[in-house]
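One structure is given here, and the rest of the page talks about it.
Lettering follows sequence order; numbering is per chain, from 1.
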2 protein chains.
Amino acid sequence: MGLTGLEVGVIDFFVSAVKVLGLPKSIGEIYGLLFVSPQSLPLDALCQRLNMSKGSASQGLKLLRAFGAVKATYQPGDRRDHFTAEVELKRLVAGFMREQIQPRLSHGEERLAQLLSLGGQLSDQAAGHFQRQRLQKLERWSQRSREVLPLLSGLLE
Amino acid sequence: MGLTGLEVGVIDFFVSAVKVLGLPKSIGEIYGLLFVSPQSLPLDALCQRLNMSKGSASQGLKLLRAFGAVKATYQPGDRRDHFTAEVELKRLVAGFMREQIQPRLSHGEERLAQLLSLGGQLSDQAAGHFQRQRLQKLERWSQRSREVLPLLSGLLE
DNA sequence: TAAATTGTTCATTTTTTCTTGAACGCGGGG
DNA sequence: CCCCGCGTTCAAGAAAAAATGAACAATTTA
């Protein structure tokens with residue numbers, strides 16, 4: 001029922017990792033435990049071993065599944081879903097990009113488009129000129145991100 | 001004293017951007033205002049125009065300077081520091097990597113080293129074997145990160 | 001079909017993070 | 001030498017994010 005030293009260590013490792021990514025601790029706990037566990041685990045096993053509420057575990061698993069970071073495996077003779085960690089770094093990164101980065105990037109681009117239309121109304125004075133240049137700079141940044149970020153997944157073959 | 005529509009738009013843009021990076025809103029506000037401002041601004045101008053406390057502005061600028069995202073420019077006849085936005089994407093990314101990512105990555109590697117020593121004590125049973133493999137997997141991930149992340153800065157030439 | 005088991009949702013509470021503002025230190029001028 | 005302007009620090013308060021747990025579907029099985 002308690003966790004071994006190794007399990008605690010691995011879970012801790014993932015907790016720090018997901019915090020870097022801006023995700024809640026519970027996500028790291030769940031993924032970490034699944035990562036070290038030889039067997040797939042059902043939701044209530046996660047709750048018990050991690051001292052976590054059913055609600056947290058359910059929400060955490062939902063997000064992890066959306067990333068493709070855990071998969072549900074059918075276990076014959078058991079009505080419950082059992083979960084397993086996906087451990088291919090490339091897939092984890094791809095899932096994170098798709099679910100977290102891309103949507104925000106798109107949103108940012110919409111915002112930028114609105115800014116550009118505002119920019120059209122700028123004066124031809126020095127200040128207006130400067131600000132138009134800055135908006136162009138933002139456009140270039142946006143373009144670069146679209147080019148470079150997808151490459152990242154590729155580098156992890 | 002108030003902000004123009006464009007200024008609000010740009011600031012908003014950067015506020016969302018820094019949130020993606022896990023940084024506080026105030027950082028985005030400061031950088032955003034400096035980014036659209038043709039002139040360099042002293043601390044108290046930032047406070048006034050952003051309705052922000054001196055404490056926040058000071059701390060925000062400190063972090064932004066550590067990133068190399070703003071530079072202090074000397075203004076003759078004025079005892080105050082004046083600040084300007086650094087707008088080269090490559091440098092911004094490099095600064096963020098250096099100040100935020102690399103330290104956490106190093107910390108993670110220390111943790112991993114500890115885990116590996118724990119792993120030495122694992123049994124030769126199936127479970128121990130499985131967990132040893134997982135630790136190897138973590139080592140490979142760590143190695144990949146060390147290889148790939150530095151490349152990112154390079155791609156932004 | 002009733003009862004039991006599994007998992008989800010969401011309002012509330014708890015925890016964490018950010019901001020504030022007052023106190024402090026430092027360096028000039030007067 | 002003392003005062004004043006500028007900036008930093010940090011304890012306390014405010015705001016934001018996450019966890020809880022109870023209510024609710026859905027699905028099985030008895």
B:Y74 OH to D:dG7 P, in whole Å, measures 13 Å
When rounded to whole Å, the CG to C1' distance for the pair B:L23 and C:dT19 reads 15 Å
Separation of C:dT19 atom P from B:L43 atom CG, nearest Å, is 15 Å
Taken to the nearest whole Å, CG/A:L50 to P/D:dT20 is 10 Å
Considering only NZ, NE, NH1 and NH2 on the basic side and carboxylate oxygens on the acidic side, decide whether B:R65 and B:E86 come within less than 4.0 Å. no
task: State whether the number of non-hydrogen atoms from other residues, nucleotides or ligands found under 6.0 Å of B:R111 atom CZ is greater than 12.
output: yes
By nearest-heavy-atom nucleotide on DNA chain C, the more 5' of A:H82 and A:K25 is A:H82
Rounded to whole Å, CG of B:L61 lies from P of D:dC6 at a distance of 15 Å
B:S58 has its side chain closest, among D:dA19, D:dC6, D:dT8, to D:dT8
Which of C:dT19, C:dG7, D:dG7 is nearest the side chain of B:Q59? It is C:dT19
Looking only at D:dG7, D:dA19, C:dT19, the nucleotide nearest the A:S53 side chain is D:dA19
Practice item. Check the angle between the aromatic planes of A:Y31 and A:F14 and answer parallel, tilted or perpendicular using the 30° and 60° thresholds. Key: perpendicular
Quick one, A:V36 and A:T4 - any side-chain contact, counting heavy atoms below 4.5 Å?
no
Would you say B:S26 places a side-chain N or O within less than 4.0 Å of OP1 or OP2 belonging to C:dT19? yes
Indicate yes or no for a side-chain donor-acceptor contact from B:R132 to the backbone of B:S123 under 3.5 Å, with no hydrogens or angles considered. yes
Looking at A:K62, does any N or O in its side chain come under 4.0 Å of the phosphate oxygens OP1/OP2 on C:dT9? yes
**Request:** Scan B:D44 against the nucleic acid and name what it touches under 4.0 Å (heavy atoms): base, sugar-phosphate only, or nothing.
**Result:** nothing
Rounded to whole Å, CE of B:M52 lies from P of D:dA14 at a distance of 18 Å
B:L63 CG to D:dG7 C1', in whole Å, measures 17 Å
So CD of A:Q102 and CD of A:E109: to nearest 0.5 Å the spacing works out to 8.5 Å
Using a 6.0 Å cut-off, check whether atom NZ of A:K71 has over 12 heavy atoms from anything other than its own residue. yes
Between CD of B:E29 and C1' of C:dT20 the distance, given in whole Å, is 13 Å
Closest of D:dA19, C:dC10, C:dT20 to the B:S56 side chain is C:dT20
Of the candidates C:dT8, C:dG7, C:dT19, the side chain of A:R65 sits closest to C:dT8
N/O to N/O distances under 3.5 Å, protein versus nucleotides 22-29 of chain C:
none

